[in-house]
> 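Below is the structure I would like to discuss, written out as structure tokens.
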Number of protein chains: 4
Amino acid sequence: MYTYDMAYRTSDKVRQKKDAKRTAMMQTAVQVFAEKGYHAATVRDIVQKAGVAIGTFYFYFPDKETLFVYLYEETGEFLAQSLEQAINSKELLHHQIAAGVQAYVNIALYEPAVIHLMLVGGIGAIPSLHEKRSIFRERMTQMWQRPLDFANDDGNLPDQNSRRSAEMIAGACDEAILNLLAQPDAEASGQAAVRDITLFILRGLGYNTQDKT
Amino acid sequence: MYTYDMAYRTSDKVRQKKDAKRTAMMQTAVQVFAEKGYHAATVRDIVQKAGVAIGTFYFYFPDKETLFVYLYEETGEFLAQSLEQAINSKELLHHQIAAGVQAYVNIALYEPAVIHLMLVGGIGAIPSLHEKRSIFRERMTQMWQRPLDFANDDGNLPDQNSRRSAEMIAGACDEAILNLLAQPDAEASGQAAVRDITLFILRGLGYNTQDKT
Amino acid sequence: MYTYDMAYRTSDKVRQKKDAKRTAMMQTAVQVFAEKGYHAATVRDIVQKAGVAIGTFYFYFPDKETLFVYLYEETGEFLAQSLEQAINSKELLHHQIAAGVQAYVNIALYEPAVIHLMLVGGIGAIPSLHEKRSIFRERMTQMWQRPLDFANDDGNLPDQNSRRSAEMIAGACDEAILNLLAQPDAEASGQAAVRDITLFILRGLGYNTQDKT
Amino acid sequence: MYTYDMAYRTSDKVRQKKDAKRTAMMQTAVQVFAEKGYHAATVRDIVQKAGVAIGTFYFYFPDKETLFVYLYEETGEFLAQSLEQAINSKELLHHQIAAGVQAYVNIALYEPAVIHLMLVGGIGAIPSLHEKRSIFRERMTQMWQRPLDFANDDGNLPDQNSRRSAEMIAGACDEAILNLLAQPDAEASGQAAVRDITLFILRGLGYNTQDKT
DNA sequence: CATGAATGAGGGTTCATTCAT
DNA sequence: AATGAATGAACCCTCATTCAT
């Protein structure tokens with residue numbers, strides 16, 4: 001799980017209550033944005049689902065666009081950090097890949113709105129988001145590329161454009177996970193998906209998994 | 001004497017012009033939709049870019065949504081058919097993959113709006129489009145899966161979930177191509193991209209390219 | 001039957017053809033206006049029903065509003081004249097009333113569009129029509145009032161406000177005829193309606209029909 | 001301390017104000033619809049006359065058509081009930097007719113917009129209104145017919161088609177009242193109009209008023 | 001004469017945003 | 001803090017009208 005902490009100025013335990021409400025509204029907003037997309041999701045949709053008045057929305061957030069961009073960034077941050085941590089917690093490439101994929105699938109199953117927001121919710125929406133989106137995609141790509149370059153330095157990978165490989169890993173994961181979420185019994189297929197995805201990636205990289213642990 | 005027929009004599013020429021204009025407006029619309037997405041693209045945006053009045057739009061098309069859905073379907077049809085033809089024109093799996101990837105990259109370089117419309121333009125837009133999008137993604141997946149299953153029957157592939165592999169191929173291609181298009185010198189990198197993508201996919205499939213032609 | 005003859009400038013038998021077409025379009029227009037009312041009836045509706053192009057409409061008529069007003073006036077003129085003639089062709093009040101009612105019913109059965117245009121088609125439409133409508137209603141009222149005043153002078157009617165009586169006769173006829181037209185077997189009930197209406201009016205006027213022919 | 005409750009404490013007062021405003025806007029709408037008719041009256045006309053922004057209209061009402069139909073039905077209901085009550089409050093036919101006419105004239109003088117809305121405002125407008133209009137006309141006709149049938153049963157009326165008589169009464173009243181309203185000194189002529197109309201109707205029915213109270 | 005492609009003012013409606021309470 | 005009535009820019013779309021062919 002993850003929480004949002006937009007800048008504020010109040011203090012004390014009033015802050016906590018305020019934070020709690022803000023956080024709740026943000027989570028609601030993520031759900032709605034993820035489900036309907038930026039434009040189709042109205043502020044009214046959000047406040048209705050959150051059970052507050054429309055004025056309350058504008059007490060906590062400056063406007064719809066700012067909130068969306070913030071949510072997009074925060075959610076991207078959460079997603080990227082989760083995968084990065086999983087990857088960095090391992091030493092060997094095939095463990096790193098497996099851990100990253102596992103983390104990705106976990107989030108998809110546990111917080112599907114995160115995936116929908118990042119992958120489909122915010123496209124073609126606000127001009128300012130194009131840049132944010134590029135930044136996020138870039139981060140995901142580099143996240144996958146780093147272990148490749150390390151492995152490459154150790155001579156564990158055949159010669160290849162690691163950048164391109166990373167891009168493909170990112171894209172392959174996204175698509176496989178989106179398909180997974182589209183299934184009615186997503187959770188049941190989770191582990192099989194992790195295995196399939198990991199193996200495909202490792203083979204794709206030309207990584208010889210035989211003689212490693 | 002000539003007057004009465006005039007309207008009919010020219011009618012062929014006029015109809016051709018009309019068709020040409022409709023096509024031109026559709027291409028403009030694809031550009032705008034691809035760039036801004038369905039909601040952010042206004043009819044005014046389209047007609048301004050096309051250099052016509054707003055009424056002209058409604059003379060040619062019934063309404064924004066219908067046009068968009070039509071464009072999405074047509075463009076998807078074009079993209080899918082192009083790749084399918086390329087794939088079907090070959091016999092061996094590695095040739096099929098290479099041809100499919102090549103066709104995809106060609107379209108991306110030649111008609112980038114096609115890719116943007118299909119991959120980013122129509123997300124989170126109209127309810128009726130969700131289904132169209134699913135259909136398109138499904139078609140792309142099955143397009144890649146078919147050659148896999150054939151190769152599998154021939155014993156040329158290691159055991160794997162071909163459906164999942166196809167999903168990953170589709171996603172990997174999309175992402176690599178989107179990244180390619182984001183580069184300033186996309187065209188120059190086209191062939192390298194085709195090679196990289198193809199090889200990654202073939203390796204990912206576990207296809208032994210050594211002992212084939 | 002009645003025809004329309006808006007001002008024109010051409011001549012010879014070309015004029016006849018032109019007139020024929022113009023007249024045909026006008027009759028079509030009356031039908032459409034009567035059926036849908038001024039605003040709901042579009043120029044496209046009219047030309048489609050007339051089987052001509054939209055440009056043709058503007059060759060024959062300056063614009064929709066002018067045509068409508070003209071049609072309203074002409075149709076009103078036709079209706080009023082028909083009734084006036086019928087009334088004036090008789091000498092005795094009860095014959096006059098009977099003839100007027102008979103003429104009204106005849107027109108309603110034979111040209112229902114005339115009635116619809118005058119009574120319901122052009123209300124609340126164009127500001128300039130308000131006046132025309134008043135003029136028409138006034139004419140109808142005076143048309144009924146004239147024989148009353150004559151009969152009054154002859155001492156055949158009890159003391160009454162003949163103006164008000166005329167208004168009521170006009171309104172009563174309109175409503176009875178509208179109801180008649182709403183019936184599926186309007187034609188079959190025509191004669192009964194004429195009798196009912198005439199008798200009610202004569203009684204309403206206090207006209208003693210017994211001792212007259 | 002007071003802040004939280006404020007919104008709720010005032011809520012009653014606010015709701016009253018809101019209701020008052022809605023009512024005021026409805027009255028404005030009736031005026032505008034009555035004056036211009038459904039199509040010619042724009043939502044912008046209504047809000048301008050009401051002195052509010054256009055969004056306010058859609059805060060109070062779902063859309064123009066729904067409001068109009070509602071207003072038409074409500075106004076018709078009010079008018080019909082008023083006359084029905086007046087009629088039902090009497091026993092003898094000539095008292096019933098007199099009371100009905102008196103009520104009609106009273107409403108015309110006091111709320112002329114009611115009459116205009118029902119008689120001219122909503123014609124040739126929305127398809128769904130044709131039916132409403134028929135229903136209203138039918139109700140008015142039956143309202144007049146009922147006392148006729150009762151009187152007939154008692155042998156107080158000469159043989160006649162009471163349905164047709166009722167139609168004529170309705171039409172005669174409408175027209176007389178419309179003419180009354182068109183006069184500058186309508187109010188002054190009210191009582192005379194009531195007398196004239198009532199007498200004409202009673203005579204028209206063949207009702208012998210001499211030997212009754 | 002006739003056509004119908006093209007125009008754009010204007011209408012109904014939505015929805016992000018403000019502010020008095 | 002919270003509310004929700006009020007606002008109005010901006011959207012989609014219609015339709016009377018024009019004009020080149």
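Remember, predicted model here, so these are calculated numbers, not experimental data. Per chain, numbering begins at 1; letters A, B, ... match sequence-line order.
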> Using atom CZ of B:Arg22 as one end and atom P of E:dG4 as the other, report the distance to the nearest whole Å.
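B:Arg22 atom CZ is separated from E:dG4 atom P by 15 Å.
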> For a quick check, with a 4.0 angstrom heavy-atom cut-off, what is the B/S/- contact string for nucleotides 9-14 of chain E, read 5' to 3'?
BBSBBB
> Nearest whole angstrom, please: distance from the C1' of F:dG4 to the CZ of D:Phe59.
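After rounding, the gap between these two atoms is 6 Å.
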> Under 4.0 Å between a side-chain N or O of C:Lys21 and OP1 or OP2 of E:dC1?
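So the side chain of C:Lys21 is outside the cut-off, no N or O lying under 4.0 Å from OP1 or OP2 of E:dC1.
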> Can you tell me if A:Tyr60 touches the phosphate of F:dA1, counting only side-chain N or O atoms and a distance under 4.0 Å to OP1 or OP2?
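No, no such contact exists.
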> I need the NZ-C1' distance between C:Lys36 and F:dC15, as an integer number of Å.
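In whole Å, F:dC15 C1' lies 13 Å from C:Lys36 NZ.
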> Taking the side chain as C-beta and beyond, is there a heavy-atom pair between B:Leu67 and B:Tyr60 under 4.5 Å?
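Of all side-chain heavy-atom pairs linking B:Tyr60 with B:Leu67, none is under 4.5 Å.
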> I want to check something: taking the side chain as every heavy atom from C-beta on, are C:Ile54 and C:Val43 in contact at a cut-off of under 4.5 Å?
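In short, these two side chains touch, coming nearer than 4.5 Å.
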> Reading DNA chain F 5' to 3', what string of ( ), [ ], | and . shows its pairs, if Watson-Crick and G-U wobble pairs count only when both distances fall under 3.5 Å?
.||||||||||||||||||||
> Can you work out whether D:Lys17 or B:Val52 has the more 5'-proximal nearest nucleotide on DNA chain E?
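Going by which nucleotide is closer to the 5' end, it is B:Val52.
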> Closest heavy-atom contact between C:Met25 and C:Ala50?
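Taking C:Met25 first and C:Ala50 second, the nearest heavy atoms are CG-CB, 4.3 Å.
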> Can you sort out the partners of A:Glu73 under side chain to side chain contact (heavy atoms under 4.5 Å, CB included), two or more places apart, ordered by chain and number?
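A:Glu73 satisfies side chain to side chain contact (heavy atoms under 4.5 Å, CB included) with A:Val69, A:Lys132 once adjacent residues are dropped.
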> Please state how far atom CD1 in A:Ile46 lies from atom P in E:dC15, giving the value in whole angstrom units.
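Taking atom P of E:dC15 as the reference, CD1 of A:Ile46 is at 13 Å.
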> Using the salt bridge (Lys or Arg N to Asp or Glu O under 4.0 Å) rule, collect all pairs that involve residues 42-55 of chain C, keeping only residues at least two apart or in two chains.
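Qualifying pairs: C:Lys36-C:Asp45.
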> When you compare the side chain of C:Arg133 with that of C:Tyr72, does any pair of heavy atoms fall below 4.5 Å?
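They are in side-chain contact.
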> Under the salt bridge (charged side-chain N to carboxylate O under 4.0 Å, His left out) rule, collect the residues that match up with B:Glu77, sequence neighbours excluded.
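By the salt bridge (charged side-chain N to carboxylate O under 4.0 Å, His left out) rule, B:Glu77 matches B:Arg139.
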> Not counting sequence neighbours, list each pair that qualifies as a salt bridge (Lys or Arg N to Asp or Glu O under 4.0 Å) and has a residue in residues 59-72 of chain B.
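Checked against salt bridge (Lys or Arg N to Asp or Glu O under 4.0 Å) - neighbours excluded - no pair reaches residues 59-72 of chain B.
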> Measure the shortest side-chain to side-chain distance between B:Leu129 and B:Phe136 over non-hydrogen atoms and say whether it is less than 4.5 angstrom.
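Of all side-chain heavy-atom pairs linking B:Phe136 with B:Leu129, none is under 4.5 Å.
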> Whole-Å distance between F:dT18 P and C:Phe61 CZ?
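Going from C:Phe61 (CZ) to F:dT18 (P), I get 15 Å.
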> Rounded to the nearest angstrom, tell me the gap between atom CG in B:Asp45 and atom P in F:dC13.
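B:Asp45 atom CG is separated from F:dC13 atom P by 14 Å.
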> Of the candidate nucleotides F:dG8, F:dA5, F:dA2, which contains the atom at the shortest distance from the side chain of D:Lys18?
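Minimum distance to the D:Lys18 side chain belongs to F:dA5.
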> Starting at CD1 of C:Ile126 and ending at P of F:dA16, how long is that distance when rounded to a whole Å?
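That distance rounds to 12 Å.
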